[in-house]
Amino acid sequence: MTTGGFSLGQPTPSVKATTIIAIAFEGGVVIGSDSRVSAGASVVNRVMNKLSPLHDKIYCALSGSAADAQTMAEIVNYQLDVHSIEVGEDPLVRSAATLVKNISYKYKEELSAHLIVAGWDRRAGGQVYVTLDGLLARQPFAIGGSGSSYIYGFVDAEYRQGMTKKDCQEFVVNALALAMNRDGSSGGVAYFVTIDKDGTDEKCILGNKLPTFFDE
Amino acid sequence: MHTDLSETVIVFVSFFRNALLERDVAKVGCSLPGARKTGTTICGVVYKDGVVLGADTRATEGMVVADKNCSKIHYISPNVYCCGAGTAADTEMTTQLISSNLELHSLSTNRLPRVATACRMLKQMLFRYQGYIGAALVLGGVDCNGPHLYSIYPHGSTDKLPYVTMGSGSLAAMAVFEDRYKPDMEEEDAKRLVRDAIAAGIFNDLGSGSNIDLCVITKGKVDYLRPHDEANKKGVRTGDYKYKSGTTGVLSKLVIPLQLELMEESVQTMDTS
């Protein structure tokens, strides 16, 4: 965060303490995140939107070191803009994910960030890609960040093939609420973005309006 | 159009000379002075017509106050100012470098610079140096899109928020903000809020102190209030340790002149050409 006063190495902001999730349905994707950025024990930003647009219909979810993740997202945003002008049409989600993967892999020793890429394109519909450590893999859904450890059981049990857009939105919000409740380092508000052929819909659910479960 | 940032570089060539000096000085048993850090409270708030930036004025070198009245609010462009915490030299030089580049950019585009441009330039440079430039900044200003406020960390991450605090006193200042911030405040309320937040940092953090500087930026006008509030005015001494001559009675006096012999006298002229 800061080098002020008498302490030497100040902790740097990271979104490692995070919960991010993305799920694909027939005509699009839903991608969601919590909003906490911590630096050591202190919360530096309690309302950060970790869903960063790479293009009109392609978003990525940030986790890991805040500086590395933000910079990667900005670089890929720029590269995708150039690429889409060169090909003359909207870029594919796979192209965006490949650009992210290339940076992740080439600088894997230096960078410490994981981006989940999700979006919709005309050729393959809704897609979710993971780019952890420089691999590129397409999945029906993906979770990431420290808070994801707490919801692996939930997502594995609750996911079904062929969910509708509304089911997916509920799935994402429930998963985020559960993770934010149990993970001390996730919290704040829940952001989620629904992308389909008709457009991009960004929503934010305040902390006290999240669904509640046992013990609340 | 693309500004080639690889040409705006801080060179580290003095590193080897400094390492040698360090070694030589250590042999004599001393140590070179360390980099001065501004243990600091800086903050900013967006209000109805613009932004208010605030900072304390203490610069510390270890546990000693090196400068009781240093200026931590730096000029970036006529409509953008930046508060700096962290290593004093790094914040000073970084803001000057980006201010210079931004002026050239503004001449090239023929427009008033945008806050987001300054933010991008700063974060890209800080990321390139991977956190070794210890500059934590609060950047604020008003441009064609309205008032904006960013916090920029030494590793290059940024947050765009309605109110931000940085520095060792940031937690104290943030406590004040979280309690009393409201969106769309009036100018006097915003100034009072920032003044109170910095005061919280000054009185509750050892690394911050002295006075409170404010900078109010609105569309077309900047009020640089230095000092806005002398929270720590030096007191007036009520007593004096000097005694009038004659206070102590003199019983007797003995004067012995020293016998000195002039051995040699030489004059060396100074070259003042």
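Per chain, numbering begins at 1; letters A, B, ... match sequence-line order. Worth knowing before you read on, the calculation uses all heavy atoms, side chains too, and leaves out hydrogens, waters and symmetry mates.
Proximity to chain A is limited to the side chain of B/Lys123, based on heavy atoms less than 4.5 angstrom apart. Heavy atoms closer than 4.5 Å to chain A are found nowhere in B/Ser208, neither backbone nor side chain. For A/Asn49, no part sits under 4.5 Å from any heavy atom of chain B, backbone or side chain. With a threshold of 4.5 angstrom between heavy atoms, A/Leu111 approaches chain B through side-chain atoms but not through N, CA, C or O.
Atom OH of B/Tyr153 sits about 13.0 Å away from atom OG of A/Ser65, to the nearest 0.5 Å. To the nearest 0.5 angstrom, A/Asp68 atom CG is 6.5 Å from B/Gln130 atom CD. The distance from atom CD of B/Gln124 to atom CD of A/Glu74, rounded to the nearest 0.5 Å, is 7.0 Å.
In this structure, B/Lys68 places its NZ atom where only 12 or fewer heavy-atom neighbours from other residues, nucleotides or ligands lie under 6.0 Å away. Remark: B/Phe203 CZ is packed, more than 12 non-hydrogen atoms of other residues, nucleotides or ligands lying under 6.0 Å away. Residue B/Arg180 qualifies as enclosed at atom CZ: its count of foreign heavy atoms under 6.0 Å is above 12. Atom CZ of B/Arg226 has more than 12 heavy atoms from other residues, nucleotides or ligands within 6.0 Å.
Looking at A/Arg46 and B/Glu178, their side chains come closer than 4.5 Å, going by heavy atoms from C-beta outward.
When all heavy atoms are compared, the tightest approach of A/Gln70 to B/Gly156 is OE1-O, 4.3 Å.
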